[in-house]
Every structure is written in structure tokens, then in C-alpha cells.
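Whatever order the structure lists them in is the order used to number ligands and atoms, beginning at 1. FYI, the numbering just counts along the sequence from 1. Note that this is a predicted model, so its numbers are computed, not measured.
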Amino acid sequence: MSIEAESTFDVYRDRVDRPLYRLFTEYGLDKRPWLLVGMAANIVARGASLLPPLVLGIAIDAAFTGDQPYALPLVPTAWLPTTAPDVAQFWFSAWLIVGAFAVTAALTWVYGVAANNFAHRVMHDVRTDSYAKMQDLDMTFFDDKQTGEVMSVLNNDATNLERFLDDALQNSVRLGVMLLGIGVILFERNAQLALVTLVVVPGMVLFTYWFMRAVEPRYAAQREAVADLNTRLENALGGIQLVKTTGTEAYETSRVEDTSHDYFRKTLAMLRLNYVYRPGMELFAGIAFAATFVVGGLWIVSGSAPGPLTGELRAGTFVTFLFLTQRFVTPLAEVSNIVSQYENAKASCERVFGLQDIPARVTDAEDAVELDGVEGHIEYDHVDFAYDGEDDLVLRDVDFAVDPGETVALVGPTGAGKSTLLKLLMRLYDVDDGAVRIDGRDVREVTLRSLRESVGYVSQDTYLFDGTVAENIRYGRFDADDEAVREAARAAEAHEFIENLPNGYDTRIGERGVKLSGGQRQRLSIARVVLQDPDVLVLDEATSAVDTETELLIQRSLDRLAADRTTFVIAHRLSTVKDADEVLVLEGGEVVERGEHEELLAADGLYAKLWGVQAGEIESLPEEFVERARERQAELAGPSGDD
Ligand code: ADP
């Protein structure tokens with residue numbers, strides 16, 4: 001993205017080699033029959049469409065003026081009504097013309113079906129494959145806020161490729177057949193006049209070459225601008241609440257305006273070339289027509305070949321020439337479309353493969369084993385961790401062990417590394433040094449699926465899918481029956497409010513359904529985890545205020561969930577920490593204190609101070625601590641922080 005520094009995505013996109021060839025070999029090969037049938041039908045259909053002008057010219061010279069024998073190129077004279085009266089030759093020609101139109105129509109249908117099937121089948125595979133690969137990328141990729149770009153790849157770029165595979169590919173076949181067919185017929189009929197007609201062709205080729213060279217970078221720039229625009233819009237809309245509450249609508253509008261204007265400029269820069277190209281090609285075609293008309297006309301009117309030309313030109317041949325000269329205007333004018341679709345497709349294809357090529361780093365090891373029958377012994381063994389591209393360690397030498405069934409509370413100021421620590425347990429990221437172990441097994445040695453099935457996560461910001469209440473609870477345990485879902489909802493203290501919804505468990509929620517309160521959403525996601533029945537539990541305690549009663553309900557359901565399994569709680573309420581078996585106090589990525597509540601209070605360190613703040617014993621954190629935290633944040637934010 002040009003808005004921010006070069007992303008991983010850009011790096012891999014730039015490395016893609018011969019994208020369209022790759023598209024064909026990776027996705028097109030198994031759908032070859034559709035392509036081949038489509039192309040063959042297209043070729044025959046276009047060839048047949050050239051017959052009428054040819055037959056017309058021959059009929060004029062043979063049947064109408066009667067001064068030529070009736071002869072068709074490549075067809076044995078024995079098949080033709082050469083000796084019959086003129087009227088038989090006329091009817092023969094008429095049927096030939098009708099037949100040619102019928103063949104053209106029928107095969108155009110065949111080619112449409114086959115070409116469409118090819119294009120859309122390829123793109124269906126590309127889309128699903130890209131999505132699957134993208135989904136496997138590690139969180140680092142998504143942290144970069146590249147979802148706008150990903151959406152644009154899966155939408156716009158896929159559409160571009162579809163258009164190319166559908167239209168451009170077949171149009172270029174048509175162009176080739178038409179030019180070749182017209183050329184062959186013209187030369188066969190009258191080579192000298194054909195030279196006159198086709199003298200503009202080298203000019204057209206050079207002009208097209210210039211256009212292709214000039215338009216390519218402009219297309220790439222335009223595509224990038226679309227992606228930037230998408231990212232900007234997504235960003236602004238995603239943060240609409242912040243925008244409104246800070247009254248920065250005008251600022252955001254002007255940012256969108258800038259990005260949109262950039263897109264506008266790049267689109268016009270690209271179109272400016274199209275403006276020149278299209279009329280230019282029409283002009284060349286016009287010159288060809290005019291030259292043919294003047295030279296051929298003079299030839300017939302004066303009865304002798306003009307200038308250096310020799311021989312005879314018949315009226316029928318002249319008619320064939322004029323008709324066919326008209327016919328190459330349309331396919332040639334398409335060249336600009338073909339070229340632009342081709343350039344577009346190449347850029348899009350690079351982006352598709354760029355996305356596909358980004359390696360997923362957090363993946364199953366080759367000999368990964370299933371994590372099974374977990375007891376819940378967790379060990380952090382001298383763990384160091386830094387986010388991608390950051391120099392500073394977010395976790396430094398974190399070292400502790402938890403026995404099965406214990407509850408561990410993580411406390412510490414914001415940014416201390418509590419969430420990060422737990423993300424390592426679920427292997428959303430991999431440690432840089434040291435190891436995280438479950439039941440003595442390094443999390444990197446077990447399959448991601450079994451690991452994440454064993455660890456249940458209740459986050460602060462609950463995400464619910466568009467769907468029914470039951471579907472949301474069942475998410476991840478799709479085979480759970482209705483009774484199990486209800487049971488889970490009961491355990492999560494959610495059953496009662498669900499029953500009161502318009503359609504109970506079948507009530508649609510999410511974007512297009514009933515809006516739920518924060519506390520209700522929270523309980524639904526707890527129900528989901530209850531149903532998952534994980535061996536290890538990770539709770540990110542919500543900071544958002546819910547009413548006391550709801551909080552009580554949530555707390556009760558969480559306590560029930562945490563009982564008998566190893567549980568980590570990121571504790572924002574020190575009251576919940578009191579019951580923990582062990583408290584880890586984090587500061588600046590390090591475990592600075594650990595022990596039980598009472599012990600830590602007695603030690604009179606950071607925990608005691610945090611506790612003091614909570615209980616209102618002291619007014620605020622000591623100044624030196626605040627200062628240290630600030631410095632730490634500034635360091636970590638660094639130059640690549642949010643824009
Ligand atoms: P806590 O949960 O204690 O508030 P976090 O684990 O969320 O702390 O964050 C620890 C530090 O890591 C913070 O300085 C934060 O800015 C940084 N951080 C968190 N997530 C990311 C990320 N995805 N990329 C880069 N830095 C991050």
C-alpha cells in the first residue's frame with residue numbers, strides 16, 4: 001500500500017513471475033476442454049462469418065454479370081453448379097450465405113457457453129483457493145490492517161481476471177481469425193489490391209505496441225489507487241464511532257477526498273491513452289477503406305489498373321474487398337479493449353498470486369501430533385517475543401509453570417504484554433526464543449487444530465457472525481445437538497434472555513438481525529466456549545462497564561467455566577484476582593512479581609500499588625511508574641505506529 005510503508009503483500013506481488021501463464025498452468029489445465037471447445041467454436045464461427053462477402057462477390061461476377069465461371073477457393077468445381085443456368089448459381093450462393101450465418105450463430109452459442117464456463121470455473125477455484133490460503137496466514141498479516149486490500153483482491157481483481165478469461169481471450173482469438181481470414185481472402189482474390197488495403201497494418205502494429213508499453217504502468221498505478229481507496233474507506237467506516245465522537249468528519253472526508261482524487265487522477269491518466277488509441281486505430285482502418293475504395297474504384301471505372309498495378313479487377317471482387325475492409329474495423333477497434341483487459345488482468349493476476357505466495361509461518365510442523373487428553377500443565381520456558389518488524393521485545397524472559405486446574409491471573413498496566421503472552425499459548429504468533437509447552441509438549445509440535453480445540457478463548461470484544469443465536473453458539477462445534485446448545489447457554493447464564501428473543505434460539509443476530517447488548521454478546525461467546533469444552537481456558541476480562549447484575553451473571557458463568565481446568569485470566573478487576581491460585585504481575589514485558597494475592601500485597605510492590613489504586617487507598621500510581629510506562633509505550637509505538 002502506498003498509504004503506509006511497503007507491506008509484505010507488495011513484496012510478494014512484485015516477485016510474481018509470468019502471472020497469466022501461472023494462472024493457466026495452475027488453474028486452467030484441468031479445465032482445458034472448455035477452453036479448447038470454446039476456441040474451436042470461436043474460430044469456425046468467425047471463419048464462417050467471412051463467407052458471405054466472399055460468396056457475394058463470386059455470385060456477382062458469375063451469376064449476375066455472367067462473365068466468370070463459378071468457382072470457390074478450396075472447393076472442387078465438381079461440387080459447384082458451374083454449368084447450370086445463372087439462377088441455379090444464385091440459389092446455391094443464397095443457401096451458402098444462409099448456411100454460413102446459421103453456422104456462425106450456432107457456434108457463437110457453443111463458444112459462449114464453453115468460454116463462460118472456462119472463465120468462471122477458473123475464477124471460482126482461484127477465489128476459494130486464495131481465500132483459504134489467505135486465511136492460513138499468521139496474525140502478523142492481519143495486524144497490518146490489510147483487509148481492504150484483501151477484499152479488493154478477492155473482489156475487483158477476481159472480476160478483472162474473469163473478464164479477461166471470458167472476453168479478452170476469445171476476442172483475441174476472433175481478432176486473429178478475422179485478420180488472418182480477411183488477409184488470406186483478400187490476397188487470394190487480388191494480391192495487388194490487398195497490398196493497398198493492408199499497407200496500414202504495420203502502422204497499426206507499431207501504434208498498438210506503443211500503446212501497450214505506455215498503458216501498462218498506468219494500469220498498475222490505477223489498480224493500486226483502488227486498493228488504497230478501499231483501505232481508506234474501510235478504515236474510516238470501521239472507526240466511525242471514533243470519527244463521530246471526536247468530531248473529525250471533515251478531516252476524514254478530506255482524507256477520503258484525497259485518496260479518491262488520487263484514484264481519479266490515475267484513472268484519467270490511463271484513460272487519456274485510450275482516448276488517443278481508439279480513434280487512432282479507427283483512423284488507420286479508415287485510411288485502409290478509403291485507399292481501397294479510391295484505387296479499386298479507379299481500376300474499375302477506368303477499366304485499367306492504376307499506376308504500377310497490373311491485371312484486371314472485377315466488380316464482384318471489389319465488393320468483397322469493400323465488405324471485408326469494413327469487417328476488420330470492429331475486431332481491430334477491440335484491440336484497445338483486449339490490450340487494456342490484458343494489462344488489467346496481468347496486474348490483477350500478480351496481486352492474486354502475490355497474496356497466495358505470502359508464506360504462512362505459523363503452520364503445522366511436518367511431524368505435528370494431535371494434542372489429546374490434555375491435563376492442563378502449562379509451561380513458559382524463558383520466552384522472548386517481539387512483533388514482526390519491531391526491535392523491542394514485547395515479552396522478555398517470561399518463565400513460569402502452571403499446574404493442571406489452576407487459575408492464573410495476569411495483571412499489569414496496559415501494554416505490559418498480557419494479551420501477547422496468551423496469544424503465544426494459542427500460537428497466534430510463535431515465540432522468538434524459549435518455548436511454550438502444554439503437558440510438556442511444545443505448542444509448535446502439535447497440530448494447530450488440536451491446539452486451538454484444546455484452548456478456549458473468551459475475548460473482550462466478542463465477535464458474532466451473521467446468523468441465528470444457535471448457530472453462533474454452535475460455531476466450531478457444528479455437530480452439537482440442540483440440547484447441548486441449550487445446556488451451554490444455561491451454563492453461560494444466557495438461556496433466559498435467549499428464550500425472550502423473538503424467535504428464541506432461532507433469532508437472527510448480527511448485521512442483519514437483532515441487536516444484542518454487550519453483556520448478552522459476552523454471554524453468547526461464553527456459551528460457545530462452554531460448548532467447546534476446552535482443556536485450557538483463556539479469559540480476557542471485559543473492561544467495558546455492564547450493569548452489576550449482568551456482571552454478576554457473567555462472573556458466575558465464567559467461574560463455572562473455569563472450575564477444574566487450567567485458566568488464565570487477564571484481570572482488569574482486582575477483585576477477581578483474589579481467588580486466583582497465582583497472580584503474575586507483568587510490567588514492560590517482564591514478570592515482575594508472582595504469588596498469591598495476600599503474598600503480593602505483603603510484598604508491597606507494583607501489585608500492592610495497583611491494588612491500592614483499585615481500593616482507593618492511594619490516589620494514583622507513583623509518578624516514577626507512570627513515567628516508565630510512558631517511555632516504554634513511546635519506544636514500542638516507534639515510527640511505524642498508526643497513521
Ligand atoms: P496488554 O494486554 O498487557 O495491554 P499487549 O500484549 O496487548 O498488552 O501489548 C503489549 C505491547 O505489544 C504493547 O506495547 C502493544 O502496543 C504491542 N502490540 C500489541 N499487539 C501488537 C501487534 N499486533 N503488532 C505490534 N505490536 C503490538
field: Geometric class of the Tyr505/His495 ring pair [parallel <30°, tilted 30-60°, perpendicular >60°]
entry: tilted

(request) Compute both the distance and the angle, then confirm whether Arg15 meets the cation-pi test with Tyr12: under 6.0 Å from the six-membered ring centre, within 45 degrees of the axis. (result) yes

If we number the atoms of ligand 1 from 1 as shown, the ones under 4.0 Å from a heavy atom of Thr414 are 4 (O)

* Counting both backbone and side chain atoms, is some N or O of Lys418 under 3.5 Å from an N or O of ligand 1? -> yes

- Message: Ignoring hydrogens and geometry beyond distance, is a side-chain donor-acceptor pair present between Tyr131 and Gln135 at under 3.5 Å?
- Response: yes

Any side-chain heavy atom of Val577 within less than 4.5 Å of one from Val411? yes

Is the backbone of Leu371 close enough, under 3.5 Å, to the side chain of Ser450 for a donor and an acceptor to pair up by distance?
yes

The atoms of ligand 1 lying under 4.0 Å from a heavy atom of Thr420, numbered in the order shown, are 5 (P), 6 (O), 9 (O), 10 (C)

Counting from 1 in the order shown, the ligand 1 atoms closer than 4.0 Å to a non-hydrogen atom of Tyr429 are 23 (N)

- Any chance the side chains of Tyr27 and His124 put a donor and an acceptor closer than 3.5 Å? no

Is it the case that ligand 1 has an N or O less than 3.5 angstrom from some N or O of Ile570?
no

Ranking Ser419, Gly417, Gly588, Gly589 by closest non-hydrogen atom to atom 7 (O) of ligand 1, top hit is Ser419

Logged contact type for Val394 with ligand 1, heavy-atom cut-off 4.0 Å, is side chain

Ignoring angles and geometry beyond distance, decide whether Leu421 reaches within less than 3.5 Å of ligand 1 through its nitrogen or oxygen atoms.
no

